[in-house]
Amino acid sequence: MPESTSIAERSVEMQRSPEFQRLRRTFMAFILPMTALFLAWYLAYVLLAGFAPDFFAARLGESHITVGLLFGLGQFVSTFAITMLYSRWANRVYDPQADPLAARMEQGEQRGAA
Amino acid sequence: MDQEINPVINMVVFAAFVAVTLFIVFRVSRRKASENEFYAAGRSFSGRQNGIAIAGDYLSAASFLGICGAIAIAGYDGFLYSIGFLVAWLVALLLVAELLRNTGRFTMADVLSFRLKQRPVRMAAALATLAVCFFYLVAQMAGAGTLVALLMGFTDPIAKDVTIAAVGLLMIVYVIFGGMKGTTWVQIIKAALLITGACVMTLMVLFVVRFDFDALLRLAVEASPEGEAILAPGLRYTNPVDFLSLGLALVLGTAGLPHVLMRFYTVPSAKEARRSVVWAIWLIGIFYLFTLVLGFGAAALVGPEVLTDAPGGENAAAPLLALALGGPFLMALISAVAFATILAVVAGLAITAATSFAHDIYASIIKRGDVAPGAEVKVARITVVVIGVVAIVGGIIAQNQNVAFLVALAFAVAASANLPTILYSLFWRRFNTGGALWSMYGGLVSCVLLIVFSPAVSGTPKSMFPDADFSVFPLSNPGIVSIPLAFVLGIIGTFVSKPEPDHDGKQAEMEVRSFTGAGAEKATEH
């Protein structure tokens with residue numbers, strides 16, 4: 001690839017641009033807290049199941065539903081909720097910021113190759 | 001109970017599934033497929049199609065028969081297992097799927113070697129890919145023999161060997177002729193059958209208890225010799241540290257499984273990759289909710305004692321529940337679905353391993369990228385045959401062993417050898433070739449060694465070698481040691497080695513491409 005140096009140069013230029021910095025910050029500001037949240041909630045669940053089985057065995061009133069069953073179903077609910085939140089965020093916030101930058105890079109590529 | 005199993009109906013339904021899938025595979029196949037077509041189906045699947053195929057790839061016989069059976073016998077602990085398998089998809093959705101789709105072409109190694117030194121990093125990534133596929137494949141094949149023999153009512157040990165060989169042969173045919181496109185269709189059909197079948201059975205169970213879940217739990221408690229203990233954790237996982245180790249490997253392993261990662265290349269863009277994961281999470285999550293009802297349903301309506309005495313043990317829970325609910329015909333359908341499940345999963349593993357060998361090792365490392373058109377796909381097809389033969393032999397040798405640890409090992413290797421390097425190369429600018437090699441080989445070797453010295457291999461009556469005892473490592477899953485170790489080795493390796501001269505440019509190229517999608521591989525056919 002003869003124009004590879006130019007791809008690298010244009011990439012470094014793009015990486016330093018304020019628009020790209022903003023994109024990366026947008027990404028991290030959503031992804032990092034979300035990841036920390038679901039990992040912490042999952043670890044709490046695994047640790048409770050392993051080290052506090054009696055807490056999980058507690059029944060709700062007269063029913064056969066246990067606290068552990070509710071916590072487990074809670075993992076399903078949180079997974080579905082984070083999936084939909086992420087999908088909405090990515091479509092409405094992230095893509096509109098990323099797409100113009102991709103177009104700018106690809107225009108530059110055509111010029112570089114010509 | 002046994003005399004009600006009707007092998008003729010089972011065989012007819014199996015044969016119908018095989019005929020339909022073979023017909024579709026031959027219709028979509030092309031003799032002169034390009035690399036793009038053979039490895040990535042021309043990137044022509046929609047997000048929804050790929051999401052269904054991911055569910056088909058991911059929901060193995062262990063997910064269906066194993067989890068239903070575990071819930072039927074051990075109650076809550078079976079449910080615990082499915083939660084790790086589901087939550088793991090958030091790692092793939094949030095951190096890996098789209099960035100990876102933007103960066104690579106066909107394999108995990110494409111991404112990992114993008115900005116690092118090509119040959120050594122590609123080699124390490126290809127070896128980790130082949131190791132994961134091998135462990136997973138042998139586990140599936142070994143299970144297939146027992147399972148199909150049970151469902152067909154075979155008792156002769158030779159029949160099991162023949163069954164394993166037939167599964168391997170079908171896998172070879174699907175992948176050689178159908179490539180990624182054929183494999184994907186097999187997975188889509190299987191996922192539709194599996195989820196529909198589980199849904200119908202779930203509704204039937206709920207109908208029996210008049211849609212009262214509490215009544216279902218009460219019946220399960222009354223039927224179980226363990227009584228109320230099935231409603232809480234502790235019947236199966238008695239060592240909480242071991243359980244934590246397994247939980248870590250499950251949640252961090254999925255996003256490093258090469259056959260899952262490869263599915264993201266079959267769609268035209270990162271947006272479609274996102275849609276595929278969203279579809280996959282809903283399908284997989286709903287399916288695991290079905291297994292919760294089916295497991296307790298099998299406990300309540302079939303009974304744990306019947307299951308433990310059945311040929312195949314707790315794995316027979318779902319088919320026997322089908323027999324109790326809908327007679328021999330429903331059982332034949334559910335058994336055929338289980339068979340389809342195994343075929344679709346092994347086909348996905350075979351195409352991933354073949355792609356990694358042909359694309360990473362043959363074309364990029366041995367031939368240094370200088371390959372005649374068509375030669376790479378030819379090598380991939382030959383590799384499929386070799387992998388098929390190895391899997392058949394491995395499956396026959398391992399069929400009477402306790403192979404559950406092989407799947408745990410596959411997840412642990414994926415979480416330790418693959419995930420740290422994937423995350424570092426995407427998110428840590430300073431990360432370099434030294435860090436990648438330390439982390440990947442360190443993760444791979446520590447996983448395999450810790451398993452060899454674990455109670456899964458020796459020291460207990462359930463071990464692979466019950467008469468020997470060299471189990472110096474107390475846990476049956478290595479994740480809690482090997483995953484942090486691989487992350488730390490990635491940091492140490494990076495600091496003790498020098499970056500390549502073009503480090504900054506390559507890093508910028510990868511970062512811009514992964515975050516924006518500029519320059520990502522486009523679809524080749526419409």
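Just the heavy atoms: all of them, side chains too, but no hydrogens, waters or symmetry mates, feed the values below. Numbers restart at 1 for each chain; the letters A, B, ... are given by sequence-line order, proteins then strands.
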(request) Calculate, to the nearest 0.5 Å, the distance between atoms CZ and CE belonging to B:F515 and A:M28 respectively. (result) 4.5 Å

(request) Answer with side chain, backbone, both or neither: which region of A:L23 has an atom nearer than 4.5 Å to a non-hydrogen atom of chain B? (result) side chain

(message) Under 4.5 Å from any heavy atom of chain B, what part of A:R59 do you find: side chain, backbone, both or neither?
(response) side chain

(message) Report which part of B:R274 has an atom under 4.5 Å of a heavy atom belonging to chain A: side chain, backbone, both, or neither.
(response) side chain

(message) Between A:Y94 and chain B, with a heavy-atom cut-off of 4.5 Å, which part of the residue counts as in contact: side chain, backbone, both or neither?
(response) side chain

(request) Give, as side chain, backbone, both or neither, the part of B:D504 having an atom under 4.5 angstrom from any heavy atom of chain A. (result) backbone

(request) Please state whether the side chain, the backbone, both or neither of B:V221 comes within less than 4.5 Å of a heavy atom of chain A. (result) side chain

(message) With a 4.5 angstrom heavy-atom cut-off, is it the side chain or the backbone of B:L95 that approaches chain A, or both, or neither?
(response) side chain

(message) Between A:L47 and chain B, with a heavy-atom cut-off of 4.5 Å, which part of the residue counts as in contact: side chain, backbone, both or neither?
(response) side chain

(request) Measure A:F76 against the heavy atoms of chain B and call it side chain, backbone, both or neither at under 4.5 Å. (result) both

(message) Less than 4.5 Å to any heavy atom of chain A: does that hold for the side chain of B:I230, its backbone, both, or neither?
(response) neither

(request) Against chain B, label A:T66 side chain, backbone, both or neither, depending on which of its atoms sit under 4.5 Å from a heavy atom there. (result) side chain

(request) Answer with side chain, backbone, both or neither: which region of A:D54 has an atom nearer than 4.5 Å to a non-hydrogen atom of chain B? (result) neither

(request) Among B:F213, B:F243, B:Y237, single out the residue with the greatest number of heavy-atom pairs under 4.5 Å to chain A. (result) B:F243

(request) Considering only heavy atoms and a distance below 4.5 Å, find which of B:G234, B:A220, B:G517, B:G247 pairs most often with chain A. (result) B:G247

(request) Measure distances from A:Y45 to the heavy atoms of chain B and classify the residue's part below 4.5 Å as side chain, backbone, both or neither. (result) side chain

(message) Within this structure, what is the CD1-OG1 distance for the pair B:I54 and B:T254, rounded to the nearest 0.5 Å?
(response) 11.5 Å

(request) With a 4.5 Å cut-off on heavy-atom pairs, point out which of B:A232, B:A508, B:A270, B:A520 contacts chain A the most. (result) B:A508

(message) Salt bridge check, B:R429 against B:E511: does any charged N sit closer than 4.0 Å to a carboxylate O?
(response) yes

